[in-house]
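Right, one structure below, let's go through it.
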Amino acid sequence: MPPLPAFFAAHQDLVARALDALVPAAARPTPVIDAMRYTLLAPSKRVRAVLLMLSAELCGSSAKALPAACAIEAVHAASLMLDDLPSMDNAPLRRGRPSAHIVFGEAITILAAFGLLNEALGHLARSYDAALSQRLSVLVTGAVGLDGLVAGQAEDVAATGAAIDFDTLERIHRRKTGVLFSAAAAAGALTAGGSADDIAALTAYAKNLGLAFQVVDDLLDVTGTTEETGKATRSDARKTTFVSFSGVDGARALAGELCRTAQAALTPFGRRAARLNELADFVAARRL
Ligand code: GRG
């Protein structure tokens, strides 16, 4: 994977080590644990974890943020495993490796995804006091649920091969991608005791950042390489994407506009938001 901005590195290492501990290798390996670790620990940007940690820092401290960052990354990894299945996106390559179902089969992959989801929620419950773990659980289950990943994916599956309008496309991806970004930012703020105003501003930032991230994902499917993205490219032919809707230049302009809207939401934080501004610049220009 090509190098990421320097400020990613410290958080990425911390998160990678904590994820390794969250799903430890079994003394006697089992296929389902192997499959959980295969996708969870594969090299990746960890952008949602980094967003969570930076949001916590902005609200005072990231000292308590790591378990929530791991939970969000475990949910994300589960969603990737399910998304790649033949009955969904049928994607052969993920994080630079054959997708989990190619290595472990569909049944074990589905079980491993449920395993990761379960570990994510268990980790939140174990890692925080009752009040904070309750608020974080509401956030994360909300992001997965009927106004989040599951709803977005269901509408995406239904839309495959069909003509959809821009509002539908946007709703699908706000749910599939944007909502988990928002949950990550809000969760970071919560772990640092952020105020309701902090949480609202960070949620607005992350909602637009997440949609921008998806628009760039669509762009990279057309303009990127497998070496850069770790995924098969030119794979979205059966789908309406931001590129098929708006063209490469239109999608690039949209991503830039969404990142600027995201950054505008950070205005109340002033210079304290420098890192999150940098993260938005990275998302707009990313090649991986
Ligand atoms: C029950 C958890 C659960 C999900 C069910 C399958 C599903 C519903 C939703 C799929 C959501 C999905 C995979 C959206 C795509 C988001 C996206 C842009 C993924 C790529 O993220 P990156 O680039 O990947 O951050 P890395 O590998 O760096 O983590």
Side-chain angles (χ1 to χ4, degrees), residues 1-2 4 8 11-12 15-16 19 36 38-52 69-91 93-97 99-101 106 109-121 140-160 169 172-184 206 209-221 224 226 228-233 235-236 239 241-242 255 258 279 282-283 286-288:
M1 202 171 64
L4 286 157
F8 265 68
H11 292 308
Q12 266 189 321
V15 171
L19 288 173
M36 288 165 76
Y38 178 81
T39 301
L40 183 67
L41 304 181
S44 82
K45 297 180 285 298
R46 310 276 179 227
V47 67
R48 295 156 190 79
V50 170
L51 167 61
L52 192 152
C70 289
I72 292 277
E73 283 294 326
V75 168
H76 170 57
S79 79
L80 296 177
M81 294 168 92
L82 296 172
D83 195 42
D84 290 341
L85 288 170
S87 54
M88 304 251 188
D89 261 9
N90 196 20
L93 207 61
R94 174 65 70 180
R95 295 183 163 173
R97 304 171 173 183
S99 301
H101 63 272
E106 284 184 50
T109 297
I110 292 167
L111 290 170
F114 274 96
L116 286 176
L117 198 53
N118 189 54
E119 285 313 306
L121 295 174
V140 174
T141 53
V144 172
L146 303 184
D147 205 20
L149 294 171
V150 167
Q153 182 75 358
E155 196 166 5
D156 197 16
V157 168
T160 302
L169 181 67
I172 288 172
H173 293 295
R174 283 206 181 274
R175 287 170 157 179
K176 277 189 69 170
T177 307
V179 170
L180 199 56
F181 274 67
S182 300
L209 185 78
L211 191 60
F213 191 89
Q214 181 59 51
V215 175
V216 178
D217 210 69
D218 288 356
L219 272 165
L220 291 176
D221 187 68
T226 296
E228 289 168 326
T229 64
K231 298 192 278 191
T233 51
S235 63
D236 288 342
K239 286 185 152 186
T241 69
F242 287 102
L258 285 163
L279 181 61
F282 162 74
V283 165
R286 74 187 177 97
R287 299 284 309 162
L288 65 161

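Just follow the structure's listing: the first ligand is 1, and inside any ligand the first atom is 1.
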Test item: [X] side-chain N/O and [Y] main-chain N/O as donor-acceptor pair under 3.5 Å:
{"X": "Q12", "Y": "S44", "value": "yes"}
{"X": "R94", "Y": "A232", "value": "no"}
{"X": "T229", "Y": "K231", "value": "yes"}

_So, regarding R48 and ligand 1 (criterion: nitrogen or oxygen to nitrogen or oxygen, under 3.5 Å), is there a contact or not?_
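N/O-N/O distance under 3.5 Å: yes.
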
*asked:* Would K45 count as being in polar contact with ligand 1, using the rule that some N or O on each side must be under 3.5 angstrom apart?
replied: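 The answer is yes, given that K45 and ligand 1 share an N or O pair closer than 3.5 Å.
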
_Out of the candidates H173, R175, K176, only one should pair with D156 under the side chain to side chain donor-acceptor pair (under 3.5 Å) rule; please name it._
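Running side chain to side chain donor-acceptor pair (under 3.5 Å) over H173, R175, K176 with D156 returns exactly one hit, K176.
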
Which option, [options], owns the non-hydrogen atom nearest [atom]?
{"atom": "atom 15 (C) of ligand 1", "options": "L116, L82, T177", "value": "T177"}
{"atom": "atom 13 (C) of ligand 1", "options": "D84, D83, V47, T39", "value": "D83"}
{"atom": "atom 4 (C) of ligand 1", "options": "G210, S79, P43", "value": "S79"}

*asked:* Only heavy atoms of R95, strictly under 4.0 Å: list the atoms of ligand 1 that pass.
replied: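 The list of qualifying atoms is 26 (P), 27 (O), 29 (O).
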
*At a 4.0 Å threshold, what atoms of ligand 1 neighbour a non-hydrogen atom of F213?*
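Taking each heavy atom of F213 in turn, ligand 1 has 18 (C), 21 (O), 22 (P), 23 (O), 25 (O) under 4.0 Å.
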
*Give a yes/no verdict on a cation-pi contact between R48 and F181, requiring under 6.0 Å between NZ or CZ and the six-membered ring centre and an angle within 45° of the axis.*
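R48 over F181 ring: no.
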
*Is the charged tip of R286 near the ring of F213: under 6.0 Å from the six-membered ring centre and within 45° of its axis?*
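Here R286 passes the 6.0 Å and 45° test against F213.
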
_Side chain, backbone, both or neither: which applies to M88 and ligand 1 if a contact is any heavy-atom pair less than 4.0 Å apart?_
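For M88, there is no contact with ligand 1 at all, from either part.
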
